[in-house]
Student: 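First, the structure itself, so that you have it in front of you.
Proteins come first, then strands; the chains are lettered A, B, ... in the order of their sequence lines, and each starts at number 1.
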There are 2 protein chains.
Amino acid sequence: MKQIKKILESRKIRPSLHRLMVLEYIIRRHNHPTPEDIYNDLLTTIPAISRATVYNTLHLLQENGLVFSITIPGEETRYDYKGDSHAHFYCIHCGALRDIDYKCSCLKKRKIGHNLITEVQVCFRGICENCQKRTK
Amino acid sequence: MKQIKKILESRKIRPSLHRLMVLEYIIRRHNHPTPEDIYNDLLTTIPAISRATVYNTLHLLQENGLVFSITIPGEETRYDYKGDSHAHFYCIHCGALRDIDYKCSCLKKRKIGHNLITEVQVCFRGICENCQKRTK
DNA sequence: GTATCTGCAAAACATTTGCAATTCT
DNA sequence: AGAATTGCAAATGTTTTGCAGATAC
């Protein structure tokens with residue numbers, strides 16, 4: 001928890017309880033939660049927390065480059081901690097979203113033509129191992 | 001327009017006027033329109049068209065693999081024709097979304113581990129040439 | 001004491017749904 | 001006629017907003 005606090009302070013974000021807990025949730029679980037996931041989980045610890053605070057906090061963390069959002073058509077936005085950039089795999093059958101260990105030169109691009117690149121999103125879509133078995 | 005009709009028929013989709021026009025819009029302009037863009041444009045030609053029809057049609061085209069959707073956090077979903085898979089560049093400053101001529105081996109991956117890949121989305125985010133000039 | 005942060009409820013917005021009317025074959 | 005397609009209006013679900021109260025510095 002002290003590490004989380006340090007992360008916030010390094011970005012000059014006041015480390016309030018809510019912010020600590022939202023960021024901790026994302027970093028610890030690293031399973032791409034939606035704002036609703038975070039809200040529901042934090043409700044058990046902080047009964048009075050409101051959705052607006054969760055959204056506020058996520059925007060704040062995103063503006064400060066600590067987290068980024070992943071959007072899947074037709075689904076709620078999900079958030080992930082911005083450690084090393086990595087690719088994602090989304091199963092169009094069961095909806096699972098997983099980190100993928102896939103190194104690609106495009107993840108490291110910092111310039112294309114005259115455009116500056118600050119972030120690269122790579123999302124593979126398809127059918128995961130489990131779902132292939134199930135449909136056989 | 002006859003080509004558009006053939007494309008629909010090749011997927012066994014009945015080529016109604018609305019469907020022809022939605023698909024034509026996406027293919028001709030290829031500037032990643034939102035459902036609202038399409039709706040507003042078609043309104044001038046077909047005054048009675050409804051949003052529901054636009055959404056219906058887009059889902060139908062997507063299910064049949066003719067178009068795919070691109071979602072940018074905080075923005076409406078955009079649609080693009082599914083020709084050769086290509087990468088996108090999104091300017092976080094002005095909001096422009098452009099096709100990018102960037103070949104990468106990851107765009108051709110069909111399998112990662114035991115996961116089948118049916119689609120790869122690569123979106124570079126950053127600041128475009130114009131916006132760099134403007135902020136100087 | 002002032003600025004920041006939070007909760008609440010309402011509003012805004014994109015998207016979906018149910019159903020009746022229309023159109024096509 | 002029968003099936004597919006469409007329009008409308010209401011419903012849904014997510015995200016944002018405004019403001020009042022609470023909290024931190």
Side-chain angles (χ1 to χ4, degrees), chain A residues 4-5 8-9 11-26 32-64 66-80 95 97, chain B residues 4-5 8-9 11-26 32-64 66-80 95 97:
Chain A
I4 310 284
K5 196 175 169 188
L8 288 176
E9 283 166 348
R11 308 288 170 131
K12 315 226 165 134
I13 301 171
R14 195 190 287 175
S16 71
L17 177 65
H18 297 73
R19 290 169 179 172
L20 282 166
M21 297 202 62
V22 168
L23 184 55
E24 194 209 17
Y25 184 101
I26 294 174
H32 318 105
T34 65
E36 196 66 17
D37 291 335
I38 298 171
Y39 172 69
N40 283 321
D41 187 81
L42 296 195
L43 260 188
T44 65
T45 318
I46 317 173
I49 199 172
S50 84
R51 255 175 268 262
T53 300
V54 174
Y55 280 101
N56 277 344
T57 303
L58 289 170
H59 290 324
L60 184 72
L61 296 178
Q62 189 164 30
E63 280 159 22
N64 284 279
L66 290 174
V67 304
F68 66 96
S69 55
I70 311 163
T71 46
I72 307 281
E75 296 197 16
E76 229 179 313
T77 303
R78 305 179 188 217
Y79 287 84
D80 200 0
L97 180 69
Chain B
I4 309 282
K5 197 175 169 187
L8 287 177
E9 284 167 346
R11 307 289 170 130
K12 315 225 162 129
I13 301 171
R14 196 191 285 176
S16 71
L17 177 64
H18 297 73
R19 289 169 180 174
L20 283 166
M21 298 202 62
V22 169
L23 183 56
E24 195 209 16
Y25 184 101
I26 294 173
H32 318 104
T34 64
E36 196 66 19
D37 291 336
I38 299 171
Y39 172 70
N40 283 322
D41 188 80
L42 296 195
L43 260 188
T44 66
T45 318
I46 317 172
I49 200 171
S50 84
R51 256 174 266 262
T53 300
V54 174
Y55 280 100
N56 278 343
T57 304
L58 289 171
H59 290 323
L60 185 71
L61 297 177
Q62 189 165 30
E63 279 158 24
N64 284 278
L66 290 174
V67 304
F68 65 95
S69 55
I70 310 163
T71 46
I72 307 281
E75 295 197 15
E76 231 178 312
T77 303
R78 305 179 187 218
Y79 287 84
D80 199 1
L97 180 68

Student: Assuming nearest nucleotide by heavy-atom distance, tell me which of A/Asn56 and B/Glu76 is located more 5' along DNA chain C.
Tutor: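 This one resolves to A/Asn56.
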Student: Given B/Ile72 and A/Thr71, is the side-chain contact (heavy atoms from CB on, under 4.5 Å) satisfied, shown in steps?
Tutor: CA-CA 7 Å; B/Ile72 307 281; A/Thr71 46; 6.0 Å; no
Student: OP1 or OP2 of C/dT6 less than 4.0 angstrom from a side-chain nitrogen or oxygen of A/Ser16, does that happen here?
Tutor: yes
Student: What's the CG-C1' distance between B/Leu8 and C/dC24, to the nearest Å?
Tutor: 16 Å
Student: Once you round it to whole Å, what is the distance between C1' of C/dT25 and CD1 of B/Ile13?
Tutor: 18 Å
Student: Can you find a side chain N or O atom of B/Ser50 that sits less than 4.0 Å from OP1 or OP2 on D/dC8?
Tutor: no
Student: Whether the side chain of B/Asn64 engages the backbone of B/Leu60 through a donor-acceptor N/O pair (distance < 3.5 Å, no angle test) should be reported.
Tutor: yes
Student: Measure the distance from NE2 on B/His18 to P on D/dA4 and round it to the nearest whole Å.
Tutor: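 So the NE2-P distance, B/His18 to D/dA4, works out to 18 Å.
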Student: Tell me which nucleotide among D/dT5, C/dG7, C/dT4 gets nearest to the side chain of B/Arg14.
Tutor: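 Nearest to the side chain of B/Arg14 among the choices is D/dT5.
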Student: If you take all heavy atoms of A/Arg78 and A/Gly95, which pair is closest and at what distance?
Tutor: NH2-O, 3.2 Å
Student: Given atom CG of A/Asp37 and atom P of D/dT14, what is their separation to the nearest angstrom?
Tutor: 10 Å
Student: From the options C/dC24, C/dG7, D/dT6, select the nucleotide whose nearest atom is closest to the side chain of A/Ala48.
Tutor: C/dG7
Student: Which is more 5' along DNA chain C, the nucleotide nearest A/Pro47 or the one nearest B/Ala52? Just name the residue.
Tutor: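 On the 5' side of the pair lies A/Pro47.
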Student: Does A/Tyr55 have a side-chain nitrogen or oxygen under 4.0 Å from the phosphate oxygens OP1 or OP2 of D/dT15?
Tutor: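 For D/dT15, OP1/OP2 do have a side-chain N/O of A/Tyr55 under 4.0 Å.
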Student: If you only use heavy atoms from C-beta on, which nucleotide in D/dT6, D/dT15, C/dG7 is closest to the side chain of B/Thr53?
Tutor: D/dT6
Student: Between A/Glu36 and B/Leu60, which residue's closest nucleotide on DNA chain D lies nearer the 5′ terminus?
Tutor: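 The residue closer to the strand's 5' end, by nearest nucleotide, is B/Leu60.
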Student: For a quick test of reading the model: is some side-chain N or O of A/Thr77 closer than 4.0 Å to OP1 or OP2 of D/dT15?
Tutor: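 The answer is yes; a side-chain N or O of A/Thr77 sits under 4.0 Å from OP1 or OP2.
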Student: Over how many whole Å does the gap from B/Tyr79 atom OH to C/dA14 atom C1' extend?
Tutor: 11 Å
Student: Keeping the roles fixed (side chain from A/His18, backbone from A/Thr57), state whether a donor-acceptor pair exists under 3.5 Å.
Tutor: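 No.
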Student: What is the distance, rounded to the nearest whole Å, between atom CG of B/Leu61 and atom P of D/dT5?
Tutor: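 In whole Å, D/dT5 P lies 12 Å from B/Leu61 CG.
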Student: B/Ile46 has an atom CD1; how far is it from atom P of D/dT6, in whole Å?
Tutor: 9 Å
Student: A/Glu75 CD to C/dT15 C1': how many Å, rounded?
Tutor: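 My rounded result for the distance is 14 Å.
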Student: What verdict does the side-chain contact (heavy atoms from CB on, under 4.5 Å) test give for A/Leu58 and A/Ile26, after you've listed the backbone C-alpha separation in whole Å, the side-chain angles of each residue and the deciding distance to 0.1 Å?
Tutor: CA-CA 10 Å; A/Leu58 289 170; A/Ile26 294 174; 3.7 Å; yes
Student: Tell me whether the OP1 or OP2 atom of D/dT5 has a side-chain N or O from B/Arg19 closer than 4.0 Å.
Tutor: yes
Student: Between A/His59 and D/dT15, does any side-chain N or O lie under 4.0 Å from OP1 or OP2?
Tutor: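 A/His59 to D/dT15 OP1/OP2: no side-chain N or O under 4.0 Å.
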